[in-house]
Every structure is written in structure tokens, then in C-alpha cells.
Peer 1: 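What follows is a structure written as C-alpha cells; I'll ask about it next.
Start at 1 and go down the list; that is how both ligands and their atoms are numbered.
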Amino acid sequence: MKKPTFTVCGKNDLILVAGAGGFIGGSLVRYFTEKGFTRIRAVDRKPLPEWYQRTGGVECLSMDLSNEDNCKRAVEGAVEVYNLAADMGGMGFIERFRVLCLRSILINTHLLEAAYRAGVARYFYSSSACAYNTKLQADPHSRALKETDAYPAYAERGYGWEKLMSEMFCQEYTAERGMRTAIARFHNVYGPWGTWDGGREKAPAALCRKVIIAKDQGADTLEIWGDGSQCRSYMYIDDCLLGIDKIMHCNELIATPINLGTSELISVNKLASLAEQIGGVKLKRKYLLDAPKGVAGRNSDNTMIKRILNWKPSIPISQGLTTTYQWIEQQYHDRKAGRKTVKDAP
Ligand code: NAD
């Protein structure tokens, strides 16, 4: 098999990370800083005190990137742009706020155009497994989704369609204007510094939090959305960051949507048991059958990413969830004690 080729930017070239006040964007800023990149601009709509992480030596700007002028300002001088900015959350959020999710299209539309006009060398778009045809996900053990399964299109309402359209923008900017774009379809990402409460959190963080609170309050019940048979795969943040880096710089993947996730399928029931095991408790299950639960089963087919990049996730859910649980537990107790947490930091 032919080896892939990579084009990377210089350590002193300016990198823009959009959505840097959030989970993956904030972690990506830290990742590039640790790799020795000296000029990083981090942008997010949230006021700076609400950012999940802030890395020293990074230019941090609070700006709404659904605004065209702000996008022009954000990309000034940038060589690479990573778009991780979106209104997003777990099923509870994306099923309820479809308009907000759809409106994220403004961010990518303006940022991509601004990046093109500013002569940015490479542009990364964070798409999602929600872009896939939902009819292929009607069974908890549906076959894993491969990249061609996005069409014929029947994406998740709201959020998934925004992802699919924004992917298309990236692809057409490459086809028509020669801009180098990269598109990763993330399958659930979790880990420390992610959203763990407030309504936007996803299943791993939500279940850890519920177990932690039950333990702390001496409760004996764990609420599960749906009947717990829904299956997903979950990727630890460190695997995701390495995957973004590789996909962005691979010359064989320009304008080519590719899965970035694990294929370790697990049901919500099993995920809950894992969180209980880590917490050292066993709770009674209370199933909320009317709660949002999304498709029955979704998994990532990693044949393409393995073949092209030789990337495979290195952190199993049992390991990643332990680290995540411990981090959320610390956050929970810090907040309870009136100490600073991610939400109040830095
Ligand atoms: P997040 O909510 O933690 O971060 C997104 C950030 O974007 C937030 O800090 C938010 O304030 C910012 N943002 C929203 N609108 C903005 C605007 N108009 N201008 C500037 N900033 C704005 O989410 P995340 O988990 O870090 O996700 C990052 C990207 O990855 C998103 O595009 C998301 O759709 C995609 N994704 C994430 C997952 C996952 O499991 N976390 C899965 C699939 C796709």
C-alpha cells in the first residue's frame, strides 16, 4: 500500500482554533502548544472566564463566529484553521434545539469564506456521525457506518443536516476554488475538560455525574434515558486529538470525510455498569422511556482510517471512563466546596 504524505505547517505559523472555549477545541489548543507551536489564536463565543481550558501563551479572543466580520478578524494571518465551533450537545440538546444546531452553518460558512480569502493553507471541519443516514441505525447492533453511508442522505434532523451541508461547503471550496479542506466525522468524544452537566453533556459524562451524585447523596437509583439498549462507540479525547492532526495534514484526505471514532460498541446499560463499577456502587435502574435517546445503534467502521493513516484508537472505554469519572468527581466536589471548577475557571 502507498504511504500517505503529510504537509505540516511551521512551528511559528499561526494556527486558529475556533470553538476553543469548548471541550475539543480547548484540548486541541493544549495539544498544539505541547507540540511546540508558538502562535495559536483561540476563539470562542463564550466570555473568557467560561472557557473550559485556557493554555498559557495563547491569544484568546471572545467573538461570535456566526458573524462575518468576526470571522475575517479571526483568520487574519492564519496558516491553518480548525473549526470546532458549533452549538452542540448530547441527545437531550440536539433533539430539542434543532434550529440552534442548524444555525451553526453560519459559523462554517463565514469562517471558510474568510479563510479562503485570507489565503489560509488548510482548513479543518469537525463533522459528526450524526451526518449518517439514520435509517441505517435502527437496530442497536446495526452494522458499523462507513464513509459512503452518508448518502443517500437521511441525516439526524437539525444537527446532522448542518454537518452534512457544512461538509459539502468544504468539499466544494476544494473542488471549485482549490482550497485544502479536511473533514472528520467524530463519533462520540469524551474525557476530562468536557461538558459534564447543564444539559449539553453526553452519555459518558452524564452517567459518571449521576453515579457520583448518587454516591455523595446516598441515593440508590440511577436514571437512564430510554431502555438502555441503545449502542454507541466512544472515543477518548487524546485519540481524537491525534486523529485530527493526522487527518488535517494528510494530502490523500483533502476534502474527504472520514470517520474518527472507535469501533468498541457499548450499550448505555453497559456504560452505566462501568460507571458504577468505577464508583464502587450498584444502583437500581430507573428507565425514562420518553427521554431523548437518538438512533438505536451507531458504530464507526474504521477500515478507511486504518488503511490510509494506520490510525486506531489506543484507549479502551474502561480506561478512558475511569480518568473521566475521576475528573468529574473532582469537579463535583470542588464545586460543592466552593472551589473553582471548569465552569468558574480560570
Ligand atoms: P463544545 O460545546 O464543548 O464546544 C463548542 C464550542 O463552540 C463552545 O465552546 C461554544 O461556545 C463555541 N461556539 C458555539 N457557537 C459559536 C459561535 N457562534 N462563535 C464562536 N464560538 C461558538 O463541543 P465539542 O464537544 O468540543 O465539539 C466540538 C466540535 O466537534 C463541534 O463541531 C461538534 O459538533 C463536533 N463533534 C463533537 C462530538 C463530541 O462527542 N464531543 C461528536 C461529533 C462532533
Side-chain angles (χ1 to χ4, degrees), residues 16-31 41-54 60-71 73-74 81-91 93-94 97 100-111 114 124-132 145 155-156 158-164 166-167 170 183-206 232-237 239-241 243-244 257 259-262 294 298 300 320 324 342-343:
L16 166 66
V17 179
F23 171 39
I24 304 174
S27 304
L28 194 64
V29 168
R30 196 194 56 229
Y31 170 88
R41 181 177 296 147
V43 179
D44 200 286
R45 181 180 56 189
K46 291 188 289 206
L48 297 183
E50 287 176 26
W51 289 29
Y52 290 177
Q53 292 183 72
R54 265 165 61 201
C60 295
L61 303 175
S62 174
M63 288 199 300
D64 183 344
L65 294 172
S66 61
N67 173 288
E68 193 177 356
D69 288 334
N70 286 343
C71 287
R73 161 71 188 92
V81 171
Y82 294 81
N83 179 11
L84 283 304
D87 251 314
M88 81 84 82
M91 284 320 301
F93 181 85
I94 67 174
F97 299 108
L100 267 186
C101 292
L102 282 168
R103 286 181 60 83
S104 293
I105 200 154
L106 295 173
I107 304 171
N108 194 62
T109 308
H110 290 316
L111 197 61
F124 178 89
Y125 178 64
S126 52
S127 186
S128 162
C130 291
Y132 281 116
L145 295 159
E156 189 95 47
Y159 181 72
W161 278 101
E162 187 276 321
K163 292 296 183 193
L164 208 53
S166 290
E167 284 188 2
C170 293
I183 304 155
R185 290 189 186 137
F186 298 165
H187 291 248
N188 299 294
V189 190
Y190 71 99
W193 308 101
T195 310
W196 60 277
D197 72 344
R200 288 182 186 244
E201 64 281 14
K202 296 190 155 206
R232 299 286 187 278
S233 67
Y234 300 95
M235 169 173 53
Y236 191 67
I237 182 68
D239 283 328
C240 176
L241 299 174
I244 293 174
N259 279 333
L260 184 57
T262 81
R298 177 183 290 149
S300 176
T324 307
V342 154
K343 286 254 166 85

Peer 1: Hey, is ligand 1 close enough to Ser127 that some N/O pair sits below 3.5 Å?
Peer 2: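 Ser127 vs ligand 1: no N/O contact under 3.5 Å.
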Peer 1: Counting both backbone and side chain atoms, is some N or O of Phe23 under 3.5 Å from an N or O of ligand 1?
Peer 2: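 There is such a contact, yes.
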Peer 1: Between Tyr159 and ligand 1, find which residue part has any heavy-atom pair under 4.0 Å and reply side chain, backbone, both or neither.
Peer 2: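 Near ligand 1, Tyr159 shows its side chain, while the N, CA, C and O stay back.
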Peer 1: Just go through Leu84, Ile94, Val189 and tell me whose heavy atom is the nearest to atom 31 (C) of ligand 1.
Peer 2: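 Heavy atom nearest to atom 31 (C) of ligand 1 belongs to Leu84.
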Peer 1: Could you tell me the separation between the CG atom of Asp64 and the CG atom of Asp69, rounded to the nearest 0.5 Å?
Peer 2: 11.5 Å
Peer 1: Under a 3.5 Å cutoff, is there a donor and acceptor pairing between the side chains of Glu162 and Ser104?
Peer 2: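 No, because no side-chain N or O of Glu162 sits under 3.5 Å from a partner of the opposite role on Ser104.
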Peer 1: If you count the atoms of ligand 1 from 1 in the order shown, which ones are under 4.0 Å from a heavy atom of Lys46?
Peer 2: 9 (O), 11 (O)
Peer 1: Exactly one of Arg103, Lys46, Arg45 should register a salt bridge (charged side-chain N to carboxylate O under 4.0 Å, His left out) with Asp87. Which one does?
Peer 2: Arg45
Peer 1: What are the atoms of ligand 1, with element, lying closer than 4.0 Å to any heavy atom of Gly21?
Peer 2: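 Under 4.0 Å from Gly21, ligand 1 has these atoms: 9 (O).
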Peer 1: Hey, can you tell me if Tyr82 and Phe124 have their rings parallel, tilted or perpendicular (30° and 60° cut-offs)?
Peer 2: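 Answer is tilted, since the angle falls between 30° and 60°.
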Peer 1: Among the heavy atoms of Met63, does any lie under 4.0 Å from an atom of ligand 1?
Peer 2: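 In this structure, Met63 qualifies as a contact of ligand 1 - some heavy atom is under 4.0 Å.
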Peer 1: Among Phe93, Tyr82, Phe186, which one has a heavy atom closest to atom 43 (C) of ligand 1?
Peer 2: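 Selected option, by shortest heavy-atom distance: Phe186.
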Peer 1: Can you tell me the protein heavy atom closest to atom 23 (O) of ligand 1 and the distance?
Peer 2: Met88 CG, 3.6 Å
Peer 1: Can you name the residues that form a side chain to side chain donor-acceptor pair (under 3.5 Å) with Thr262, not counting sequence neighbours?
Peer 2: none
Peer 1: Give the contacting part of Ala20 toward ligand 1: side chain, backbone, both or neither, where contact means a heavy-atom distance below 4.0 Å.
Peer 2: neither
Peer 1: What atoms in ligand 1 come closer than 4.0 Å to a heavy atom of Ile107?
Peer 2: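 So the atoms of ligand 1 that pass are 15 (N), 16 (C), 17 (C), 18 (N).
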Peer 1: Could you tell me the separation between the CG atom of Asn70 and the OG atom of Ser62, rounded to the nearest 0.5 Å?
Peer 2: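 The CG atom of Asn70 sits 9.5 Å away from the OG atom of Ser62.
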Peer 1: For ligand 1, does Asn83 get within less than 4.0 Å through its side chain, its backbone, both, or neither, judged by non-hydrogen atoms?
Peer 2: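 Neither; nothing of Asn83 gets under 4.0 Å from ligand 1.
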Peer 1: Do any nitrogen or oxygen atoms of Ala85 lie less than 3.5 angstrom from nitrogen or oxygen atoms of ligand 1?
Peer 2: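 No, since none of the N or O atoms of Ala85 sits under 3.5 Å from an N or O of ligand 1.
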Peer 1: Working to the nearest 0.5 angstrom, can you tell me the gap between Tyr159 OH and Phe97 CZ?
Peer 2: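 Those atoms lie 15.5 Å apart.
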Peer 1: Examine the proximity of ligand 1 to Lys202 and report which part, side chain or backbone, both or neither, has a heavy atom under 4.0 Å away.
Peer 2: side chain
Peer 1: When the ring planes of Tyr132 and His187 are compared, do they come out parallel, tilted or perpendicular, using 30° and 60° as the limits?
Peer 2: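 Aromatic pair Tyr132/His187 classed tilted.
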Peer 1: At what distance is the nearest protein heavy atom to atom 21 (N) of ligand 1, and which residue and atom is it?
Peer 2: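 Atom 21 (N) of ligand 1 sits closest to the protein heavy atom Arg45 N, 3.0 Å.
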Peer 1: If we only count N/O pairs under 3.5 Å, is Asn188 in contact with ligand 1?
Peer 2: no
Peer 1: Nearest 0.5 Å, what's the CG-OG distance between Leu111 and Ser66?
Peer 2: 11.0 Å
Peer 1: Out of curiosity, Lys163 NZ to Ile105 CD1, how far, rounded to the nearest 0.5 Å?
Peer 2: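 If we round to the nearest 0.5 Å, Lys163:NZ and Ile105:CD1 are 10.0 Å apart.
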Peer 1: Quick one about Asn108 and Asn83 (side-chain donor to acceptor, distance below 3.5 Å, no hydrogens or angles considered), yes or no?
Peer 2: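 There is such a pair (donor and acceptor under 3.5 Å, judged by atom type) between the side chains of Asn83 and Asn108.
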Peer 1: When you measure from atom 18 (N) of ligand 1 to every protein heavy atom, which one gives the shortest distance, and what is it?
Peer 2: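 Result for atom 18 (N) of ligand 1: Asp64 OD1, 2.7 Å.
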Peer 1: With sequence neighbours excluded, what pairs up with Glu201 under the side chain to side chain donor-acceptor pair (under 3.5 Å) test?
Peer 2: Arg209
Peer 1: Backbone, side chain, both or neither: what part of Lys163 comes under 4.0 angstrom of ligand 1, heavy atoms only?
Peer 2: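 Side chain only; the backbone of Lys163 stays clear of ligand 1.
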Peer 1: Got a second to check how far Thr324's OG1 is from Trp196's CH2, nearest 0.5 Å?
Peer 2: 13.5 Å
Peer 1: Are side-chain N/O atoms of Tyr52 and Thr195 paired as donor and acceptor at under 3.5 Å?
Peer 2: yes
Peer 1: What protein heavy atom lies closest to atom 4 (O) of ligand 1? Include the residue and the distance to one decimal.
Peer 2: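 Minimum-distance protein heavy atom for atom 4 (O) of ligand 1 reads Gly22 CA, 3.4 Å.
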Peer 1: For atom 27 (O) of ligand 1, what is the nearest protein heavy atom, given as residue, atom name and distance?
Peer 2: Ile24 CD1, 3.9 Å
Peer 1: Which residue supplies the protein heavy atom nearest to atom 14 (C) of ligand 1, what is that atom called, and how far is it?
Peer 2: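 It is Ala86 O, 3.3 Å.
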Peer 1: Quick one: nearest non-hydrogen protein atom to atom 19 (N) of ligand 1, plus distance?
Peer 2: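 Answer for atom 19 (N) of ligand 1: Leu65 N, 2.8 Å.
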Peer 1: Could you name the option among Asn108, Val43, Asp44 that has the heavy atom nearest to atom 12 (C) of ligand 1?
Peer 2: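 Looking at heavy atoms only, the winner is Asp44.
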Peer 1: May I ask you to list the atoms of ligand 1 that are less than 4.0 angstrom from any heavy atom of Gly19?
Peer 2: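 Atoms satisfying the 4.0 Å criterion: 6 (C), 7 (O).
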